[in-house]
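So that the names make sense, note that chain A is the first sequence line, chain B the second, and so on, each numbered from 1.
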Amino acid sequence: MACPVCGQPGEPDEADFCPAHTRALESVRQAYEAWANAFGSIAQADFLNRVARLKGTGRNAKGIVEFLQQHPERWK
Amino acid sequence: MEVTETLIVCEKPDAAARVARALDEDGDPGRIDKQGVPLYESHNRQETILVCSALGHLYAVDSKTHASRRFYPVWDFEWKPKHLIDKKSARLARWIQVISSLAGKADRYVNACDYDVEGSLIGYTILRYACHGADRKAQRMKFSTMTEKDIKSAYKTLAPHLDMPLVEAGQSRHELDWLYGINLSRLLTESALKQNRGYSTLSTGRVQGPTLKFVVDREEEIQCFTPTPFWTIDATITDIGQDYTLEYEREKISTLADAERILRDCKNSMLEVESAESRNVQQGPPYPFDLSNLQREAYRHFGYTPSRTLAIAEKLYLEALISYPRTSSQKLPPDIGYLEILRGIGNTLQYRSLATKLTVQVALRPTQGPKEDSAHPAVYPTGESPKRTLIQPESNLLDLIIRRFMATFAEASLRGTSRLTLKKEPHRFFLRGSQLLREGWIEFYKPYASDESQILPDIRVGDKVPLTKIQAAQKFTEPPPRYNPSSLLQKMENENVGTKATRAEIIEILYRRDYIKNIRIEATPLALEIINLLNKYCPIIIDPEFTAKLETSMNNIQALQTTRSHVLAEALDHLRPVMLDLITREDEIGSQLAEVVTSQRIARLTFDYPCPQCGSKLKIIRSRTSGKRFIGCTGYEKGCRFTLPLPQFGNLSITQMHCKTCGFQLVQARSKGRRPMTSCARCYSNKAKGTASAASPTSSGAQPAKNSLVEAASLVKD
């Protein structure tokens with residue numbers, strides 16, 4: 001399956017994202033937990049908006065953030 | 001009395017001149033130019049000494065049977081004259097011819113190339129192939145500085161044979177690097193070329209692959225990084241009008257609630273001094289420089305890349321101002337003559353008082369580091385004065401080496417550190433101070449060591465002081481830092497990838513191949529793709545552990561613990577199946593690479609900054625008529641004639657940095673052995689136009705435009 005963020009093939013084939021974006025997704029998920037813990041709670045949309053604007057957010061992480069903003073159902 | 005004729009082979013012409021001068025009775029050897037190759041003839045009572053030089057390697061490894069440079073895999077190799085392999089080395093043919101003609105007349109042969117793996121190999125191949133097997137009877141001259149005294153002493157104490165373990169280690173390194181480099185690089189280049197999307201040299205190798213992997217791994221970490229919030233507590237107390245910044249007991253507060261609670265508890269409160277601790281800390285002098293440390297320190301203080309530092313250091317070595325720089329030793333043995341060197345240093349006014357402080361000491365004992373090198377001591381100044389005015393980078397590096405050398409003989413510095421603990425239950429704050437009580441070695445190593453002090457306020461245990469300011473600053477975690485040329489070199493050293501002599505060059509190759517860019521190193525998409533492919537199909541090639549194991553094997557050849565043929569056979573056992581497997585996947589690899597190569601080629605020539613006249617994209621263009629490079633507008637066909645001049649030397653890359661004056665994207669020119677030059681084409685162009693019109697207000701419209709290009713280029717070069 002092609003990665004919905006960059007079009008590269010998933011690895012293994014049935015994976016939802018390419019290896020780089022799979023890793024980025026994991027990083028975004030872990031960060032969300034840290035953010036929720038830091039602020040008591042935070043809405044996913046708010047988290048994504050803020051992370052998208054930060055200078056330190058990597059290119060692949062930004063790709064995932066934008067994808068999740070458009071497809072909130074893919075948080076799983 | 002019969003006069004013997006000795007042929008000495010040196011590594012470089014400058015070294016040959018110096019050796020000849022040192023060995024000539026009158027210090028004035030005859031210089032002979034034979035077919036443009038410089039030779040020196042020195043005389044003493046018993047012998048005539050002909051000193052010739054190489055120009056680095058005159059022989060190299062090449063395929064034995066396949067003439068085509070596109071064929072792979074190739075497994076059979078032999079040593080051949082370099083001019084037969086590389087067209088750029090054509091002039092080396094004359095070198096070999098001249099040395100061969102001298103060899104027939106000589107009674108005695110000496111290898112006086114640098115005493116290390118490469119030097120031993122350069123001398124060996126010349127003696128073996130150009131001097132008709134003279135390697136068997138040749139002697140070895142070993143020295144660590146090019147001073148007259150050292151050269152004479154080395155000549156008196158020649159080793160009876162060549163250092164064959166070093167030679168064999170060198171041979172196997174070249175042969176392994178060739179086998180890996182040629183096969184893998186040809187496969188990458190050819191498989192991409194077969195996709196018919198243009199030629200691009202793609203390379204990887206035994207050291208290049210793992211080094212690039214370090215950068216790519218870091219790049220992926222940075223690109224996948226998501227920042228998380230934390231807070232720091234910034235607190236201040238004031239004493240007699242002076243503000244003191246406090247440290248909160250926890251450096252990072254991970255939740256907003258915690259940070260707010262600390263503020264609530266402490267705001268407008270009095271802090272009580274709970275305890276005061278002080279102690280004196282001795283800091284020993286720094287170790288003498290090995291090459292890596294010298295490269296790191298030169299990067300830190302002057303911004304010189306490791307390859308530039310090495311190039312400058314080699315120049316200083318050839319002028320007998322410092323000892324041999326390609327060393328991994330951090331030791332200074334007594335036989336280098338500490339006192340004599342310090343006296344020599346003291347002849348220069350700026351070091352006189354410092355050197356005198358050391359020479360009056362009863363016993364001179366330098367601090368020694370743990371690293372050793374059987375061939376050379378640490379880098380040290382010879383104490384000789386420069387015979388010419390050094391250019392700034394040379395004098396900077398020499399100053400660093402001289403001060404470091406003196407610092408190693410000085411006593412430890414003594415710093416008094418104190419820490420006050422202030423409390424507002426349940427919170428603790430710290431106030432740290434330090435004062436230099438005894439300069440020790442810092443005095444000698446200034447300005448490269450700091451003597452900063454922070455004096456604490458005069459408050460005692462039990463005193464209460466008001467907290468004048470407290471706030472919680474929200475911050476975010478940051479991605480790991482990018483490598484720079486210095487930290488990448490350090491990483492290679494830590495992982496035992498490459499050698500002290502080759503690491504800097506490998507980093508330069510990665511820049512030249514467009515695998516990495518900028519001083520804060522970024523991996524390009526091409527690098528990501530190559531590492532991705534190698535990781536997928538042959539991870540062993542980019543595995544730093546595997547490369548480090550080969551390095552150890554080659555060191556073992558030097559230590560006579562294994563043999564060259566054994567190491568080669570073992571490496572081939574790994575490489576052969578990898579290559580055969582990769583060949584079956586050529587199409588797949590080629591199509592992925594060709595795509596990235598094409599898009600990178602376009603991207604690297606295209607600016608993000610739009611044309612200021614028409615808004616189209618700006619590109620780097622090479623003129624078909626003059627061959628010169630310039631920035632042109634892609635809206636040319638619509639009538640836009642906007643152009644800007646570019647430097648005509650080095651590899652150009654468009655950076656992501658922007659000019660502080662005009663905002664235009666900066667361009668970086670990288671040339672071998674020189675500091676990368678980053679400049680704004682637009683500002684240089686405007687400056688040049690201004691100068692041109694000021695100088696020639698009446699010139700025609702076309703003329704200033706031409707002048708501006710010339711002047712802009714000269715400004716860029718400066």
For B/Gln474, is it the side chain, the backbone, both, or neither that has a heavy atom closer than 4.5 Å to a heavy atom of chain A? side chain

Check for me whether A/Arg74 meets the cation-pi criterion with A/Phe67, that is, NZ or CZ under 6.0 Å from the six-membered ring centre and within 45 degrees of the ring axis. no

Take B/Tyr483 and B/Ile516, measure what side-chain contact (heavy atoms from CB on, under 4.5 Å) needs, and give me the verdict at the end. CA-CA 11 Å; B/Tyr483 288 111; B/Ile516 58 176; over 6 Å; no

B/Leu246 side, atom CG; B/Lys469 side, atom NZ - distance, nearest 0.5 Å: 10.5 Å

Side chain, backbone, both or neither: which part of B/Phe225 has an atom under 4.5 Å from a heavy atom of chain A? both

Give a yes-or-no answer on whether the side chains of A/Glu33 and A/Asn37 include a donor-acceptor pair shorter than 3.5 Å. no

Where does B/Glu220 contact chain A at under 4.5 Å (heavy atoms): side chain, backbone, both or neither? both

Flag the pair B/Tyr515 / B/Val216 as yes when at least one side-chain heavy-atom distance between them is below 4.5 Å, and no otherwise. no

Name the option with the most non-hydrogen atom pairs under 4.5 Å to chain A; the candidates are B/Pro479, B/Pro229, B/Ala259, B/Ser254. B/Pro229

Can you tell which part of A/Val28 gets under 4.5 Å to a heavy atom of chain B, answering side chain, backbone, both or neither? both

